Structures are given as C-alpha cells and as structure tokens.
Amino acid sequence: MTQIEERPATTAAETADKWLAAFNAALEKGDTAAVSELFLETSFWRDLVALTWNLTTAENPDGIRAMLDATLAHSRPRGFRTTEPPTETEGVIEAWIEFETEVGRGNGLLRLRDGKAWTLLTALYELKGHEEPRLDQRPKGTEHGAFRDRETWLDRRVREGDELGYETQPEVLIVGGGQGGIALGARLRQLGVPTIIADKHPRPGDQWRKRYKSLCLHDPIWYDHLPYLKFPENWPVFSPKDKIADWLEMYTRVMELNYWGSTTVTSASYDEDAKEWTVVLEREGHPLTLRPKQLVLATGMSGKPNVPEVPGQDVFRGDQHHSSAHPGPDAYAGKRCVVVGSNNSAFDICGALWEVGADVTMVQRSSTHIARSDSLMDIGLGDLYSERAVRSGITTEKADMIFASLPYRIMHEFQIPLYEQMAERDKEFYDRLEAAGFDHDWGEDGSGLFMKYLRRGSGYYIDVGAADLVADGEVKLANGQVDHLTEDSVVLEDGTELPADLVVFATGYNSMNGWAADLISQEVADKVGKVWGHGSGTRKDPGPWEGEQRNMWKPTQQEGLWFHGGNLHQSRHYSLYLALQLKARAVGIDTPVYGLPEVHHLS
Ligand SMILES: Cc1cc2nc3c(=O)[nH]c(=O)nc-3n(C[C@H](O)[C@H](O)[C@H](O)COP(=O)(O)OP(=O)(O)OC[C@H]3O[C@@H](n4cnc5c(N)ncnc54)[C@H](O)[C@@H]3O)c2cc1C
C-alpha cells in the first residue's frame, strides 16, 4: 500500500497572506474587477473614511467594485499587511490589518471564508503629515534655556483662551458639551484644529449632574472610556452620574479644551460662498457671533424631549413634566405618581419613586424589550467589554474595531443567539413579568437591545432592579394610551382612571435633526433628514436600507454640518473618524465623498 503523503494544512496566516498579496496586486493595477472577485458572493467592505471620506458599507462584489471604481484613483490604498498572526474559528479566518492610502494610514479587520473575503473593515486612523503629537512626538512642555520673555504653558493657554472666538475664529464650533462634544473636542485638540465647545450649562458634566439623583450609567466601565484617558482600575462598574460628571469636568480641563459653559447657541446660517457659518450665541449673557467653517451638533440623542400634548394638561393640578426634567423622587414620598412610558427612563424613575415610598403606576403604551443587566454584561458585552475581555487581550480599542467590523446588515445575526441565551437564563423572570401583564418583546427579529438602540434608539430597558417591582406588582402596571388628564388623574383610552399627584412623561426623545430646525432652519433640517437608524425596515427605523447610521459622524446633505453623539462607546470611537474628516478639511486635503445617502425621511 502506498503511503499517502500528508501535506501540512494551509495555516490561517498563509491563507491571509495569500489573499492580501492578491488584493494588493489587484489594487496596485487598479483592477477593480479582480479586487471584487476576491470577495464572496455575499460580502461586505465597511470603510470608515479611509477610501470614501464617508462611513459606508459596500455589499457584495458588485457594490465593492462600484465603490472602488469611484474611489481607488484618488485614495490609492496599498500595503495591506497583517499586524499579528491571524486566527481561525469555525472556518472563518480573522486577520488584523494595516495599510496606507495617498493621504493617511489605516487599520482594520479582515474575515476570510473559503479563501475569499467575507467582511473587510478599513478605517483611517491618521493623516500623513498631521499625526497626533504623542509618544516620541509628544510636546516637550517647556523650552530649556533662559529667556526673558518666556511664555509659559499656562500663559499660552490663557492667551489662546482669550483670543479664540474674539480675535481668531474657531475652525470648528461644537454645539453641546456633553460626553459627545467633549470627546470630539479632545480629538480635535490633539489634531490641532481650533475648536470651541459651547454648552448652555455652566460646567462640563452638568448634563449628568442635573439628571435624577439615582441615575447611574447602565453601560459598564469598559464600554465607557473617553479617548486618550481611561478610567482608573478602581472606578465603579456603573458610574454614578455625579462621578461621570466630575470626570468629564476634569477631562475637559486636563485635555485643555476650549469649553464655553453658560453659552447658548441661538441661531446659525451657512454662507455657501464664503463656506462658513454665522453662528449667534450668548456667552454668559453677552451676545457674540462666531464664524466657524464647520458646525457640529453634539446636542444629544437623548436631548430633544418628545413631549406629548394631552388634553387636560392645563387643568391637571399636580406636577407634570417630561422625564428629562424630572427632579428626582424626594418631593413625592407618599404621593400618587403615574409614569407614562415603559423604557429606560420610565423604569429608573418608577424604581426611584418606589424607593421613597410613593404609590407608583407605570403606563405601558407599547411593548418593551428588557435585558437583565447581569445577563447583558455577561452574555451580550462580556467578550468585548469586561475585565475578562481585557485579560484575554481585547483592549477597548480592539473591542471597538471588532464591533465596527460587523456590518449592520448582518449584525442582528450575531445578536439573536445572545438573546436566546438570555431568554433561557432568565426564563423565570420573563415569565413573572409577562404574568404581571407586561408586554415584552425581543425586537422584531429577536435581536434584542443593541439592535433596538441602533435602529430606533428606544424601546428597551436594561434592568437594574426596577423590572422586578413591576413583575411583583410593587409598581402597578396599566396598559394603553393616555386619553386625557383631569384635575387629579390620568385617564386612558379604555376609560381606566389613574389618580395622580405627579405625571411623568417618559416618552423619549426626537430625531437630532430637530436641533437643526431649531438652530438653523426647517429647510436645512429637512435637507439633511432623519438622524439615526440605518433603514432596517423595523418600527421607527423605516427603509430603504441605508447600511450606516443616518447622518451620524459623517458628511450630511448640508455642507459644513455634522452630527455627533451616541453612547459613550460610539462617541469615543466615531469621534476619531469625525475629527479626521474635520482636520482634513481644515488643512485643505481633498475629501471627495463617496456614497452620500439620499434623504428618505424627514424625522
Ligand atoms: C436616563 C438616561 C440614562 C442614560 N444612560 C446611559 C448610559 O448608561 N450609557 C450611555 O452611554 N448613555 C446613556 N444615556 C444616554 C446619554 O444621554 C448619552 O450617552 C449622553 O448623555 C449623550 O451625550 P451627548 O454629549 O451626545 O449629549 P448630552 O449629554 O445630551 O449633551 C448635549 C448638550 O447639548 C447642550 N445643548 C443643546 N442645545 C444647545 C444650544 N442651543 N446651545 C448650547 N448648548 C446646547 C445641552 O445643554 C447638553 O449639555 C442615558 C440617557 C438618559 C436620559
């Protein structure tokens, strides 16, 4: 019997290197057909600003070829190589990569199946000649020697602060100095882009200080770091609101941001000829006009309250307010409180009111998804954002890239099994909740909380305890729409009357282009269209398919107008790409945008 010679199986590294060699060769030749043939029939190339000056996902060989046909000549991506040994899991090879383009350097993540690309993420991380001054390039901080007219670091900071906005104009004005505006401001500072962050509140962090007193972040610490400066190792897992507020204030100071507190932006208009904005604001009571080239609305996704108009609001004798204006529970001990809504804020507020001994009723208008915090942290986030993840080498930066490498089109497929596990683990809890009459869902396709967040930014609660109060009947539950208020009650459409001393409308927030309507014009708000969601065709995220979050962190239909925000993870990661786009424009790098989406929805 002849012995069959065993050839060593091709390693993940060999397969990845072979693919990358073919990819580099085809790119160099400008052979977009050959590049696209290296991709599977169902495949995705997500580009964050590296080739397209946009956040965009090209799908399948045809879409990838079209993207390259439009972008290859000027972006000239090249030199793709692995940065660490690729790994293989269940037939999928994963390779961390880096590369360069004509104007910058990028990194990313490649997934291969059967020798062809399934997903490719390419992300710009720096512009050539405009690298951030860090590590070996960090500023010296002083000039050794003896100088009579020495300008110290502090002198320079004070001078800059005095001049910017008065004698010199900022390149970028960021409206809103919550964690979003601050993170972006820090990136722009490192990139040397003159920037002012304007916020109505006196101090950075006030957005959090002024929220109800029991509020803690629902996301864990590993998910929440700001750029450049991580929370210390002894920071609580769920940051209490006043701690996060103080961290933001400290961060703003040590990152030397030009943060204008007590400053309200009242109007803005764009001069298409001069390519600059005229922005009217009031700083500590003094009117002022700025002329930035770029205007960023970082005014908060959870910032523009959706306040329903209900007949009888004028006759109701108790207190009534939107959840964003809720002062906390202290004044309501022993009072009858009706909270309209059944998502995060509603649960938080119900829980806090119950803790002070109020008589609390939640009005559920439509179904809500609830994920128990422990299960979500463990099953949903643990592989990427946890101490366990850090120990296994998944840094925050890597976790962000892994997250970003999953195209929205298939992200739900990765989420569904996680929520199936949660349903099993917490079955007893869900049974109790539903037995109490709570209308619970898992998202239209069972993909749970994160997809709901990305699609509509609402419709869920991360349970940190208040759901048990509903399940156990400690917080009473009423189902239905509010019909009207009387002097002392809330009446639902089915006639149910709920006696009330307090009504809280935990009815959510509106699309961020409403901010553009308020500050610029309805015309511009309509021109840029709805912000957030990616066209999944699910409730509150109508199609057609967009493939990326609408208008977030990328060019809009209004030149010079940008939206920034999202949760701490998104603000941290996507502020990099927005900052690079703004820097490129500031230094006159050509930024032809590929795939600027059409507007399909106004709000
Ligand atoms: C109850 C609750 C719990 C939350 N929990 C979490 C969590 O656990 N993790 C998480 O990541 N996110 C959480 N969020 C979402 C949270 O709102 C955002 O993460 C965060 O606040 C968004 O930051 P931002 O900077 O985008 O907006 P915001 O913090 O809302 O800041 C926007 C700022 O814009 C300012 N502004 C608006 N208009 C003007 C104007 N015309 N002129 C000047 N300034 C203006 C406002 O004063 C405000 O300070 C929670 C939200 C709520 C309501």
Side-chain angles (χ1 to χ4, degrees), residues 173-185 196-221 223-226 237-241 244-245 248 252 259-268 279-283 290 295-305 322-326 328 341 343-349 351-352 373 376-377 381 385 449-450 453 457-458 460-462 464 466 504 506-509 512 514-520 531-532 552-553 563-575:
L173 175 68
I174 303 175
V175 188
Q179 49 94 358
I182 288 173
L184 178 64
I196 291 174
I197 305 168
D199 201 292
K200 287 177 188 170
H201 295 298
R203 290 162 57 198
D206 278 349
Q207 319 64 18
W208 290 99
R209 281 186 199 96
K210 291 183 178 169
R211 286 177 178 158
Y212 47 88
K213 71 176 189 181
S214 57
L215 177 64
C216 293
L217 288 189
H218 289 159
D219 295 326
I221 188 71
Y223 197 69
D224 299 335
H225 296 297
L226 296 174
V237 173
F238 300 106
S239 287
K241 72 178 184 71
I244 201 87
L248 288 173
T252 303
Y259 192 100
W260 288 13
S262 302
T263 302
T264 301
V265 174
T266 50
S267 71
V279 183
V280 180
L281 33 80
E282 209 177 273
R283 186 181 189 195
L290 293 178
L295 183 67
V296 181
L297 299 186
T299 35
M301 240 185 80
S302 310
K304 204 161 171 48
H322 185 262
S323 57
S324 56
H326 181 60
N343 293 332
N344 259 328
S345 299
F347 271 101
D348 270 4
I349 291 169
S373 178
L376 186 66
M377 296 309 126
L381 282 176
Y385 298 97
L449 194 134
F450 196 65
Y453 171 69
S458 65
Y460 51 81
Y461 169 52
I462 300 179
V464 291
V504 181
T507 40
Y509 298 87
M512 280 179 76
W515 293 107
D518 290 356
L519 297 178
I520 308 167
V531 178
W532 206 258
M552 289 303 294
W553 318 292
F563 293 90
H564 179 64
N567 63 29
L568 283 141
H569 148 238
Q570 292 167 310
S571 271
R572 170 184 63 245
H573 192 202
Y574 289 99
S575 56

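Bear in mind that the values here come from a model prediction, so they are computed numbers and not experimental data. Start at 1 and go down the list; that is how both ligands and their atoms are numbered.
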Which of the numbered atoms in ligand 1 are below 4.0 angstrom from a heavy atom of [X]?
| X | result |
| --- | --- |
| N567 | 10 (C), 11 (O), 19 (O) |
| G178 | 25 (O), 29 (O), 31 (O) |
| L519 | 41 (N) |
| A298 | 32 (C), 34 (O) |
| A198 | 43 (C), 44 (N) |
| G176 | 33 (C), 34 (O), 35 (C) |
| H201 | 47 (O), 49 (O) |
| G566 | 19 (O), 22 (C) |

Nearest 0.5 Å please: distance from the [atom1] atom of [X] over to the [atom2] atom of [Y].
| X | Y | atom1 | atom2 | result |
| --- | --- | --- | --- | --- |
| N343 | D348 | CG | CG | 11.0 Å |
| L215 | S345 | CG | OG | 8.5 Å |
| R209 | R203 | CZ | CZ | 3.5 Å |
| L173 | L297 | CG | CG | 9.0 Å |
| Q207 | Q179 | CD | CD | 9.0 Å |
| M301 | N567 | CE | CG | 8.5 Å |

For [X] and ligand 1, does the shortest N/O to N/O distance drop below 3.5 Å?
| X | result |
| --- | --- |
| H564 | no |
| L568 | yes |
| H218 | yes |
| R211 | yes |
| Y509 | no |
| K200 | yes |
| M301 | no |

With a 4.0 Å cut-off on heavy atoms, is [X] touching ligand 1?
| X | answer |
| --- | --- |
| T264 | yes |
| Y223 | no |
| C216 | no |
| W208 | yes |
| D518 | no |

Which is closest to atom 30 (O) of ligand 1 by heavy-atom distance: A268, S323, G300, G565?
G300
For the residue pair Y223 and H569, does the interplanar ring angle fall in the parallel (under 30°), tilted (30 to 60°) or perpendicular (over 60°) class?
tilted
Do side-chain atoms of [X] reach the backbone of [Y] as a donor and acceptor pair under 3.5 angstrom?
| X | Y | value |
| --- | --- | --- |
| W208 | L217 | no |
| T266 | V280 | yes |
| W260 | K200 | no |
| Y574 | M552 | no |

Ring centre gap for Y509 and H322 strictly below 6.0 Å:
yes
Side chains of Y385 and D219, donor plus acceptor under 3.5 Å
no
